Amino acid sequence: MEVKENIETDEQADVLGEDDKDSDRAKWYTQTILQTELADYSPVKGCMVIRPYGYALWDNIKNALDKMIKDTGHQNAYFPMLIPESFLTKEKEHVEGFAPECAVVTHGGGKKLDEPLIVRPTSETIINYMFAQWVQSWRDLPLLINQWANVVRWEMRTRLFLRTMEFLWQEGHTAHATSDEAEEEAKKMLEVYRTLSEEWLALPVLTGTKTDRERFAGAVRTYCIEALMRDGKALQAGTSHFLGQNFAKAFEIKFQSQEGQLEFAWQTSWGVSTRLVGAIVLGHGDEKGLILPPKIAPVQIVIVPIYKTDADKTTVLERSNAIASELKAAGIRVHLDDRDNHTPGFKFNHWEQKGVPVRLNIGPKDCEKNVVEIARRDTGTKTRDVSQSGLSEYLTNLLDEVQKAIFERALNFRKENTHTIDTYDQFKDVIENKHGFVEAYFAGSSEDEGKIKEETKATVRCIPFNQDHPEGKCFYTGKATKIKAVFARAY
RNA sequence: CGGGACGUGGCGCAGCUUGGUAGCGCGGUUGCUUUGGGAGCAAUAGGUCGCAGGUUCAAAUCCUGUCGUCCCGACCA
């Protein structure tokens, strides 16, 4: 990896700089991911290889979320990747939404299959087919299932992590006795996603409802979390769907209620994917590379030893190892970079690009004084002469502080880049020149949304919850409404 | 799938216009000197120029096709 040269190539001092072109930002994104070894291109078009550093990041996200999913009463299970083609066609909207992007297996064992199998683009159909067999009585409900899986969607245009043909995700699927309970479930899981995003990924998100145009194919309502990236574009970071009885009717998930009636179950589904890794890259990164939130960073602390003589080397490495062990014992993910083929300066830059939240420099002078130097990735500040005693407590606190600081930074960024407008002219001006979120009274139809998208490339990201506005005038139609929507150009 | 750019040692690129048998920087290896912000010197290894056809005495270079990547558009987690 030739870091120096590439950093100099990517001279975007500010990722959101007014002079930056979209293509420069796109390049920054791709280059950063390749250089920091989060991922690599695969021999198959549109697919990617998630490298160990990227997978470690995903693993940490996954573990945090998995615990939350289990804590809210769900169980993990696994359903097959191959689904009979006929299953997909059972729900009308669903098939219309997904059929065009399905990979289809037509041959197996050297023979043409009687019925083609589709590679799951999502698992509603096969899971609900099974649910129908498992649900008989109200006592079988709620049925709360999650699966960690890969899915395939034949995308036209792909981008590392943000949109690949195959991606990893979790998909929750639940069945309930009542509409209210399913609604509550869908909203509860959206809250889980919000917690994951804000508390773990340090990315503030808007929560709200999708418009019909953006709704999941087959859902009654789609809720979402929407994040703002540092280039001013929005990213849908997760969705939670209230499916009503659409799939229950298609797959005959019926149960006998306490009153003895045969009723269709009410359902939800919800998912987040490896796209979250892309969200972290674009949501926190700067001109130096990644900035990873401590809670999910594969390496939280990197130790860079500094020495000249062999004697110094021995002393410094001994201290470094001792500190590394102490930090590890305190539950900190620490890495000692004891490579002797690189200078300290190289290592500083290397780990900064990789987004390690905190670096610890230790040299002969520090060893004499029993101190270390500590450098923060997010602010770039260095603190000298931090005592080696009580270091694990100091660093645990510092990591918490960094976690909060980068969340605050992202939150401030979002505030600064959320604009309120009243007219379509203002709308166009903000979308074109300022980027970010646009908040406005909106009472338009799906067709109006389509026209706005055509003219400005901006879409309704969500109708935020907590609408509490006096009546205003829709910026597009002029109609009176109390609803404000949030628009942006999105990934 | 349309428009544009690109594909040459591991990485970044030059060479192509005007065909003549491949070069630079970084990285790798070895040795010595270095090491508190991307080290220096020396030696050394590494490429049938994306792939397939064609033109030619001769193709990285010209022609056709194809595959892939990136950017821009239509579709989407």
Side-chain angles (χ1 to χ4, degrees), chain A residues 1-9 21-31 34-35 40-48 96-102 121-122 150-171 193 210 213-214 216-217 222 224-227 235-241 269-279 288 304-310 312-313 316 338-353 359-367 372-373 375 380 382 384 450 453-454 457 459 490-491:
Chain A
M1 178 166 58
E2 217 314 287
V3 185
K4 180 182 180 182
E5 193 172 282
N6 291 319
I7 284 286
E8 282 171 359
T9 311
K21 291 177 186 157
D22 280 348
S23 62
D24 290 336
R25 294 194 206 108
K27 228 170 230 169
W28 173 89
Y29 177 76
T30 304
Q31 287 300 309
L34 295 176
Q35 286 172 28
D40 206 347
Y41 288 106
S42 83
V44 179
K45 181 185 166 73
C47 295
M48 71 187 283
E96 282 170 7
F98 282 104
E101 52 184 275
C102 281
T122 177
N150 58 341
V151 287
V152 169
R153 297 179 188 178
W154 216 262
E155 299 291 349
M156 303 278 180
R157 199 172 150 194
T158 56
R159 258 143 106 26
L160 295 170
F161 287 113
L162 296 177
R163 180 169 299 104
T164 45
M165 292 215 307
E166 179 188 9
F167 58 93
L168 305 184
W169 76 344
Q170 88 16 250
E171 48 180 322
Y193 289 159
K210 284 289 187 193
R213 199 186 157 77
E214 304 271 328
F216 174 75
T222 290
C224 64
I225 53 172
E226 288 284 327
L235 182 76
Q236 178 174 306
T239 49
S240 181
H241 316 290
S269 69
W270 25 274
V272 298
S273 71
T274 36
R275 171 178 263 198
L276 290 177
V277 175
K288 283 184 170 176
V304 177
I306 298 156
Y307 46 79
K308 285 193 172 91
T309 66
D310 277 352
D312 283 348
K313 181 177 173 179
V316 169
D338 58 1
R339 293 177 293 178
D340 56 9
N341 56 336
H342 288 296
T343 61
F346 178 91
K347 293 177 185 175
F348 296 167
N349 289 286
H350 176 78
W351 293 108
E352 277 166 5
Q353 189 184 27
R359 186 182 70 243
L360 207 149
N361 300 336
I362 175 163
K365 297 173 212 161
D366 303 301
C367 282
V372 295
E373 182 181 65
K382 288 195 220 176
R384 287 193 184 185
K453 186 181 179 185
E454 231 170 80
K457 296 183 204 159
T459 49
Y491 273 102

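When reading the values below, keep in mind they use all heavy atoms of this one structure, side chains included, and skip hydrogens, waters and symmetry mates. Naming: A, B, ... by sequence-line order, numbering from 1 per chain. For clarity, every value in this text was computed on a predicted model and none was experimentally measured.
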Participant: Roughly, in whole Å, what's the span from CG in Asp366(A) to P in rU35(B)?
Facilitator: 16 Å

Participant: Which of these nucleotides, rC72(B), rG37(B), rG36(B), is closest to any side-chain atom of Asn349(A)?
Facilitator: rG37(B)

Participant: Once you round it to whole Å, what is the distance between P of rU35(B) and NE2 of His342(A)?
Facilitator: 17 Å

Participant: Among rA77(B), rG38(B), rC71(B), which nucleotide sits nearest the side chain of Phe346(A)?
Facilitator: rG38(B)

Participant: If you look at every strand shown and take non-hydrogen atoms under 4.0 Å, does Glu171(A) touch a base, only sugar-phosphate, or nothing?
Facilitator: nothing

Participant: What's Phe348(A) touching, base or sugar-phosphate or nothing? Going by heavy atoms closer than 4.0 Å.
Facilitator: base

Participant: Select from Asn361(A) and Tyr491(A) the residue whose nearest nucleotide in RNA chain B is closer to the 5' end of that strand.
Facilitator: Asn361(A)

Participant: rU61(B) and rG50(B): how far apart are their C1' atoms, nearest whole angstrom?
Facilitator: 16 Å

Participant: Write down the distance separating the C1' atoms in rG4(B) and rU18(B), rounded off to the nearest Å.
Facilitator: 27 Å

Participant: Base, sugar-phosphate, or nothing for Pro364(A), non-hydrogen atoms under 4.0 angstrom?
Facilitator: base

Participant: With C1' as the reference atom in both, quote the distance from rG36(B) to rC41(B) in angstrom, rounded to an integer.
Facilitator: 24 Å

Participant: Of the options rA77(B), rG73(B), rG38(B), whose atoms approach the side-chain atoms of Gln236(A) most closely?
Facilitator: rA77(B)

Participant: Heavy atoms from C-beta onward define the side chain here; which of rG37(B), rA77(B), rC1(B) lies closest to that of Met156(A)?
Facilitator: rC1(B)

Participant: Pick base, sugar-phosphate or nothing for Thr164(A), based on heavy-atom distances below 4.0 Å to the nucleic acid.
Facilitator: base

Participant: Under the side chain to side chain donor-acceptor pair (under 3.5 Å) test, which residues partner Thr274(A), sequence neighbours left out?
Facilitator: none

Participant: Looking at Phe348(A), is Arg359(A) sitting on its ring face, NZ or CZ under 6.0 Å from the six-membered ring centre and within 45 degrees of the normal?
Facilitator: yes

Participant: Can you measure Leu34(A) atom CG to rG27(B) atom C1' for me and round it to whole angstrom units?
Facilitator: 17 Å

Participant: Rounded to whole angstrom, note down the P distance from rA52(B) over to rA59(B).
Facilitator: 14 Å

Participant: Roughly how many Å is it from CG in Asp338(A) to C1' in rU35(B), rounded to a whole number?
Facilitator: 14 Å

Participant: Does Thr343(A) place a side-chain N or O at less than 4.0 Å from the phosphate oxygens OP1/OP2 of rA39(B)?
Facilitator: yes

Participant: Any base atoms under 4.0 Å from Phe216(A), or only sugar-phosphate, or nothing? Heavy atoms, all strands.
Facilitator: nothing

Participant: Between rG23(B) and rG9(B), how many Å separate the two P atoms, rounded to a whole number?
Facilitator: 14 Å

Participant: Quick check: does any side chain N or O of Lys210(A) sit under 3.5 Å from a backbone N or O of His241(A), one acting as donor and the other as acceptor?
Facilitator: no

Participant: To the nearest 0.5 Å, what is the distance between CG (Leu235(A)) and CZ (Arg275(A))?
Facilitator: 4.5 Å

Participant: Look at atom CZ of Arg384(A) and say whether more than 12 heavy atoms of other residues, nucleotides or ligands are closer to it than 6.0 Å.
Facilitator: no

Participant: Rounded to whole Å, please give me the gap between CE in Met48(A) and P in rG68(B).
Facilitator: 18 Å

Participant: How far, in whole Å, is rG47(B) from rG15(B) if one measures between their C1' atoms?
Facilitator: 14 Å

Participant: Measuring only the C1' atom in each nucleotide, how far is rG46(B) from rC24(B)? A whole number of Å is fine.
Facilitator: 15 Å

Participant: Between the base of rG12(B) and the side chain of Gln31(A), is there a donor-acceptor distance below 3.5 Å?
Facilitator: no

Participant: Once you round to the nearest 0.5 Å, how far does CD of Glu226(A) lie from OG1 of Thr239(A)?
Facilitator: 9.5 Å

Participant: Does the plane of the ring in Tyr193(A) sit parallel, tilted or perpendicular to the ring in Trp270(A)? Use 30° and 60° as the thresholds.
Facilitator: perpendicular

Participant: Using a heavy-atom cut-off of 4.0 Å across all strands, would you classify Leu162(A) as base, sugar-phosphate, or nothing?
Facilitator: base

Participant: For Lys313(A) and rG36(B), give me the distance from atom NZ to atom C1', rounded to whole Å.
Facilitator: 17 Å

Participant: Among rG36(B), rA77(B), rG38(B), which is the nearest nucleotide to the side chain of Arg275(A)?
Facilitator: rA77(B)

Participant: Asn341(A) CG to rG38(B) P: how many Å, rounded?
Facilitator: 16 Å

Participant: Can you give me the closest heavy-atom contact between Leu162(A) and Ala279(A), atom names plus distance?
Facilitator: CD2-N, 4.4 Å

Participant: Anything below 3.5 Å on both distances counts as a pair; with that, list the stems of at least three consecutive Watson-Crick or G-U pairs involving RNA chain B.
Facilitator: B:1-7 with B:67-73, B:10-13 with B:23-26, B:28-33 with B:39-44, B:50-54 with B:62-66

Participant: On the 0 to 90° scale, with breaks at 30° and 60°, tag the Trp169(A)-Phe167(A) ring pair as parallel, tilted or perpendicular.
Facilitator: perpendicular

Participant: Is the shortest side-chain N/O distance from Tyr41(A) to OP1 or OP2 of rC70(B) below 4.0 Å?
Facilitator: yes

Participant: Quick one: do Thr30(A) and Tyr41(A) satisfy side chain to side chain contact (heavy atoms under 4.5 Å, CB included)? Show the steps, please.
Facilitator: CA-CA 10 Å; Thr30(A) 304; Tyr41(A) 288 106; 3.3 Å; yes

Participant: Base, sugar-phosphate or nothing for Lys382(A)? Non-hydrogen atoms, less than 4.0 Å.
Facilitator: base

Participant: Specify the separation, in whole Å, of atom CZ of Arg339(A) and atom P of rG28(B).
Facilitator: 10 Å

Participant: Using the C1' atoms only, state how far rC75(B) lies from rG20(B), rounded to an integer number of Å.
Facilitator: 50 Å

Participant: Does rC71(B) have its OP1 or OP2 closer than 4.0 Å to a side-chain nitrogen or oxygen of Arg159(A)?
Facilitator: yes

Participant: Using 0.5 Å steps for rounding, measure from the CG atom of Leu360(A) to the CG atom of Asp366(A).
Facilitator: 9.0 Å

Participant: Which listed nucleotide (rG36(B), rG37(B), rC1(B)) is nearest to the side chain of Arg359(A)?
Facilitator: rG37(B)

Participant: Would you indicate what Glu155(A) reaches in the nucleic acid, counting non-hydrogen atoms under 4.0 angstrom: base, sugar-phosphate, or nothing?
Facilitator: base

Participant: Looking at every strand, decide which applies to Asp312(A) at a 4.0 Å heavy-atom threshold: base, sugar-phosphate, or nothing.
Facilitator: nothing

Participant: With heavy atoms under 4.0 Å as the rule, sort Gly278(A) into base, sugar-phosphate or nothing.
Facilitator: nothing

Participant: Which part of the nucleic acid does Lys347(A) contact within heavy-atom distance under 4.0 Å: base, sugar-phosphate only, or nothing?
Facilitator: nothing

